[in-house]
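Working notes, beginning with the structure itself.
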There are 2 protein chains.
Amino acid sequence: MVTMADVARRAGVSKATVSRAISQPEIVDAETRALVQAAITQLDYRPNEIARGLANRSSKTIGIIINRFDSLYYGSLLDGAEKAIAALGFKMLAESTRERAEGEREAWSSLLERQCEAVVVHCDSLDDAELANWMHERPKSVLMNRYLAAFEDRCIHLDNRRGGALAAKFLHAKGHRNIAMVTGPSKFYVVRDRSAGFTETLLDRGVTPTVIESDFLVQGGYDAVITLLEKEPSITGIFFQNDEMAAGAIEACRERGIIVPDDLSMIGFDDIPVAQHLMPKLTTIRQPLRDIGAAAGCLAHALATGVTDTSDIQRVFEAEVVERASVMEVK
Amino acid sequence: MVTMADVARRAGVSKATVSRAISQPEIVDAETRALVQAAITQLDYRPNEIARGLANRSSKTIGIIINRFDSLYYGSLLDGAEKAIAALGFKMLAESTRERAEGEREAWSSLLERQCEAVVVHCDSLDDAELANWMHERPKSVLMNRYLAAFEDRCIHLDNRRGGALAAKFLHAKGHRNIAMVTGPSKFYVVRDRSAGFTETLLDRGVTPTVIESDFLVQGGYDAVITLLEKEPSITGIFFQNDEMAAGAIEACRERGIIVPDDLSMIGFDDIPVAQHLMPKLTTIRQPLRDIGAAAGCLAHALATGVTDTSDIQRVFEAEVVERASVMEVK
DNA sequence: TATCCATATGTAACCGCGTTCATCAAGAAA
DNA sequence: TTTCTTGATGAACGCGGTTACATATGGATA
């Protein structure tokens, strides 16, 4: 490894001068600077960011904890976050938990040990108490797509309750009165919120939805719709808490000769790219994942650099209905 | 920040003892060790991995360069790589390039400066010469899904040529003789290989395919199939170099009353999760992305740790046909 | 009892870089 | 000529750990 000392020797100056020539070129004599530059290129010297971070007590890194990489949900969040963080001159360090509580703790420790100056947390397995502990101990941490009232201004999230309400209103407005909902695993924060918003809204309108818990997977949606139609054949509209489950349900219906949306209407959640290529094209609730990731990255950066006024960073994002062809008006 | 010195003071021992109590507990007296442990938990001390890396001259980190996070292609590769790397006790540091050559260079520099002990490279914009330079300068680097003959044993990749051939053979075996191919942007390495394999195989069988270059996007496939059918109405089978384009094409056909596969057969590439929910379900060529990522991670780790015998790590992976319902037998 | 060895701990140098502070040369002011 | 600035540079120390080497202690051995 070629170090600063090598460059200094080669250029016939001291290490200090090399350091200055790199970090503050203006305060070093033009002639000397050229000498140093030449030595750097000749030796193909690359500053050691690790050592530099140690000396500066700054890593210029923002950590981010997610469940997994192979999902467009997390991929979009990461994409938004990385773009924002990079634009601010920082690096993003992502760690996945594989949806295990232990994985979440490991990721947290790992990111802190690697001196991340702030960390963005997307955790589903840990309970509120432990998470609150984290947020309390590390004031430079941001919660993504989860809400803790005590740390309200460090939470960046979709208003899932309103998202659920949106689905309810949409189905109700289209005339549906026999309505069901297929949820994801209730351990997920977003599931509980979407469910609450959906159910409340319908109850307000005098409709009691049938609820069935599933697993966010295609097969789960497939099975759920079958169970549902056996139990409650009068149902005309179903809200699936993600698009994958809706896709499975559409398949199940096709195989059974049930026509969507003529016989049964469906609305999903997320607006994954598939949604618009299903047959019929899926009406769904879209969430601005990229924006959420970017906001979380910005807030983390602000906390890391000691910016106090973060009022320009949006904390709560709204979902919107994307109307396609899977919900039909009933009379 | 609580440092080792703090712990030492608290426990009434020297820094060296604390260090040893952490890294080599067995060589320190049980009593002392307990003292140190107590101090560590009392102070909530976390070793500074950055400083530790400096002292050890090892970061235990493997870098990985990808185009973007928000794609299941890269997501799956990352997933496979991270799992493998974590299992070996290393960390993965991912950087995205946003498909710009400059982004690739920046990522490369950044990963080296952060002292990654090896780096996995997935680059499409850089030409072979520059890439070869990298591979030459850094013997601890691995090329993923790209092939450079001079660095054969550091390339982990799908045999795209054979993948293309597979599609050709499949269509030909089903009786198709008027065949077209819709490719991705020819700047991509995989595109050139898939095209070569496909075309060669058909020429061998006396068929000359119509080729049209597109962009790997849904809309591109939509447009391509329309152009194609105008130009060559006799075509009965089309190979799309990824599933997204096939999805777009299916949509275009549905809108025009062309029945897939009765009127027109289609085969895709990748086997993205959508493929099985399209209507009709898409017959496609699957590539084992997770395995490829894992192999790249393993090889990088082997290089990083100086393992010389890496013959047990698979370098070339094979695609396979996943037959569903979008290709019909013709007589 | 003197010697030796094993074990346990402390001391200090070092990893690669940043930064303070002293130094020095040269030009301006007196 | 002397003194005071001013700008450029180098020596030394610190960042938080690791580790070779030195030191101290106690028991076994001769």
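Side chains are part of it too, since the values below use all heavy atoms of this structure and drop only hydrogens, waters and symmetry mates. In the text below, chain A, chain B and the rest are named by the order of the sequence lines, each starting its count at 1.
- Rounded to whole angstrom, the span from the CZ atom of B/R46 across to the P atom of D/dG17 amounts to 13 Å.
- Straight-line distance from the CG atom of B/L54 to the C1' atom of C/dG18: 12 Å, rounded to whole Å.
- A/R192 places a side-chain N or O within 3.5 Å of a backbone atom of A/K187 that can act as its donor or acceptor partner.
- Note: CD (A/E31) to C1' (D/dG7) measures 15 Å, nearest angstrom.
- In this structure, the CZ atom of B/R9 is 13 Å from the C1' atom of D/dG16, given to the nearest Å.
- For the pair A/D29 CG and C/dA26 P, the computed distance is 13 Å after rounding to whole Å.
- Here the closest non-hydrogen pair linking A/I62 and A/C116 is C-SG, 4.3 Å.
- Within a 6.0 Å radius of CD in A/E31, no more than 12 heavy atoms belonging to other residues, nucleotides or ligands are found.
- Looking at A/I66 and A/L77, their side chains never come closer than 4.5 Å, going by heavy atoms from C-beta outward.
- In terms of phosphate contacts, A/N56 brings a side-chain nitrogen or oxygen within less than 4.0 Å of OP1 or OP2 of C/dT19.
- Applying a 4.0 Å cut-off to non-hydrogen atoms, the residues of residues 14-27 of chain A that approach DNA chain D are A/S14, A/A16, A/T17, A/R20, A/I27, listed by residue number.
- Pairs passing the ring pair (Phe, Tyr, Trp, His ring centres under 6.0 Å) check and including a residue from residues 19-73 of chain B, sequence neighbours excluded, read B/Y73-B/H122.
- Smallest separation of non-hydrogen atoms from A/G293 and A/M144: CA-SD, 4.1 Å.
- Between A/N48 atom CG and C/dC15 atom P the separation is 12 Å, expressed in whole Å.
- Relative to the side chain of B/T3, the nucleotides C/dT19, D/dG16, D/dA8 differ in distance, and D/dG16 lies closest.
- In this structure, A/R114 places its CZ atom 18 Å from P of D/dG16, rounding to the nearest Å.
- For B/R68, the side chain to side chain contact (heavy atoms under 4.5 Å, CB included) criterion is met by B/D70, B/S71, B/Y74, B/E99, not counting sequence neighbours.
- Close to D/dC15, at under 4.0 Å from its OP1 or OP2, lies no side-chain N or O of A/R57.
- Atom CD of B/E113 is separated from atom P of C/dG16 by 16 Å (rounded to the nearest Å).
- Closest contact between the side chain of A/M4 and the listed nucleotides C/dG16, D/dT19, C/dC17 involves C/dC17.
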